[in-house]
Amino acid sequence: MQILSAKYLITMLGEPLVDGAVAVENGEIIDVGKEEDLLKRYASASHEDYPHSVIMPGLINCHTHLDMSFYKDYPGDPVRKPVENIGFIDWLMGCLNYKRRADMAEMRQAVEWGVDECIQSGVTCVADMGNYEGIFSVL
């Protein structure tokens with residue numbers, strides 16, 4: 001049994017709970033509430049406190065192109081390089097050209113890198129719009 005606590009706990013069932021905590025057993029959340037209450041209720045549990053953090057459900061990205069993760073450093077990306085003034089059709093053609101040139105190994109690496117970026121930023125679920133067949137084995 002483990003108690004994880006943070007300055008804020010967001011459950012999606014109401015307002016954020018200040019000094020909140022979750023009780024975890026066998027990888028499953030079994031209880032949520034105020035840190036002091038859970039520490040009393042589960043006195044033998046180990047405790048990890050994250051005083052400058054938020055405990056919350058994972059984020060969902062409803063429109064990803066994980067196979068395009070390496071495109072971010074490619075010329076003509078108006079999303080990440082807003083100083084460039086490029087038309088939509090030119091940008092789209094750049095995307096298509098990138099996909100044509102990238103081999104399967106590069107696509108797999110892009111997906112792996114994109115998944116790592118998702119995990120690091122708290123994204124736990126994606127709806128991917130890419131067309132790299134190997135994505136399922138990576139995910």
Side-chain angles (χ1 to χ4, degrees):
M1 167 80 65
Q2 184 179 29
I3 305 291
L4 303 172
S5 59
K7 182 64 179 175
Y8 299 100
L9 171 66
I10 299 174
T11 65
M12 309 309 292
L13 298 175
E15 294 296 315
L17 185 61
V18 177
D19 297 325
V22 295
V24 180
E25 188 171 46
N26 298 322
E28 188 174 323
I29 297 172
I30 61 165
D31 202 356
V32 298
K34 295 288 279 181
E35 176 184 21
E36 63 182 300
D37 295 339
L38 266 62
L39 288 173
K40 287 177 189 171
R41 198 174 304 139
Y42 305 101
S44 64
S46 64
H47 178 222
E48 288 184 46
D49 184 35
Y50 300 92
H52 305 291
S53 300
V54 175
I55 296 174
M56 60 183 268
L59 301 172
I60 300 169
N61 186 331
C62 295
H63 188 119
T64 61
H65 293 267
L66 293 172
D67 60 345
M68 297 287 291
S69 294
F70 288 161
Y71 189 71
K72 69 184 184 68
D73 296 323
Y74 211 79
D77 184 348
V79 174
R80 293 176 188 89
K81 298 177 186 175
V83 293
E84 292 187 29
N85 188 9
I86 185 170
F88 175 73
I89 298 299
D90 291 333
W91 173 78
L92 185 58
M93 292 307 295
C95 291
L96 295 173
N97 288 333
Y98 168 80
K99 283 189 160 203
R100 265 190 231 119
R101 284 193 294 266
D103 61 23
M104 288 299 172
E106 187 176 4
M107 288 288 177
R108 182 178 181 89
Q109 288 176 331
V111 169
E112 290 171 350
W113 188 84
V115 167
D116 287 343
E117 289 290 303
C118 286
I119 292 169
Q120 290 177 30
S121 62
V123 174
T124 60
C125 300
V126 298
D128 193 77
M129 308 299 152
N131 59 358
Y132 169 62
E133 291 178 12
I135 192 169
F136 298 108
S137 63
V138 175
L139 294 175

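Side chains are part of it too, since the values below use all heavy atoms of this structure and drop only hydrogens, waters and symmetry mates. By convention here, the first residue in the shown sequence is residue 1. All values reported here derive from a predicted model rather than from experimental measurement.
Between V22 and L38, the shortest heavy-atom contact is C-CD2, 3.7 Å. Considering every non-hydrogen atom in both I3 and A23, the closest pair reads CD1-CB, 3.7 Å. For I10 against P16, the heavy-atom pair with the smallest separation is CG1-CB, 4.1 Å. In this structure, C118 and V126 approach most closely via the heavy-atom pair SG-CG1, 4.0 Å. The shortest heavy-atom contact between V138 and E112 is CG1-CG, 3.7 Å.
Residues satisfying the salt bridge (Lys or Arg N to Asp or Glu O under 4.0 Å) criterion with D31, sequence neighbours excluded, are R41. With sequence neighbours left out, the side chain to side chain contact (heavy atoms under 4.5 Å, CB included) criterion links I60 to C62, C125. Applying the side chain to side chain contact (heavy atoms under 4.5 Å, CB included) rule to L59 yields the partners M56, V123; only residues at least two apart in sequence or on another chain are considered. For E28, there are no side chain to side chain contact (heavy atoms under 4.5 Å, CB included) partners, not counting sequence neighbours. The side chain to side chain donor-acceptor pair (under 3.5 Å) search around Q2 returns E48, not counting sequence neighbours. Among residues two or more places apart in sequence or in another chain, the ring-ring contact (aromatic ring centres under 6.0 Å, His included) test is passed with H52 by none. Contacts of L17 classified as side chain to side chain contact (heavy atoms under 4.5 Å, CB included), with partners at least two apart in sequence or in another chain: L9, K34. Partners of Y8 under the side chain to side chain donor-acceptor pair (under 3.5 Å) rule, at least two apart in sequence or in another chain, do not exist in this structure.
Rounded to the nearest 0.5 Å, atoms CG (D90) and SG (C95) are 11.0 Å apart. Distance check: M129 CE to H65 NE2 gives 6.5 Å after rounding to the nearest 0.5 Å. For the atom pair OG (S53) and CG (L4), the distance works out to 11.0 Å, reported to the nearest 0.5 Å. With rounding to the nearest 0.5 angstrom, the CD atom of E35 is 5.0 Å from the CG atom of D49.
The side chain to side chain donor-acceptor pair (under 3.5 Å) contacts involving residues 126-139 comprise T64-D128, K99-N131, R108-S137, where partners must be two or more places apart or lie in separate chains. Screening residues 25-51 for ring-ring contact (aromatic ring centres under 6.0 Å, His included), with sequence neighbours left out, gives no hits.
Put simply, the side chain of S69 gets close to the backbone of A110: a donor and an acceptor are under 3.5 Å apart. In terms of modelled atom types and a separation under 3.5 Å, the side chain of D37 and the main chain of G33 share no donor-acceptor contact.
Looking at heavy atoms from C-beta onward, K7 lies out of side-chain contact with P51 at the 4.5 angstrom threshold.
Cluster annotation: F70 and L66 are assigned to distinct hydrophobic clusters (Ile/Leu/Val/Met/Phe/Trp/Tyr, side-chain heavy-atom contacts under 4.5 Å, transitive).
Few gaps surround CG on L139; more than 12 heavy atoms of other groups in view lie less than 6.0 Å from it.
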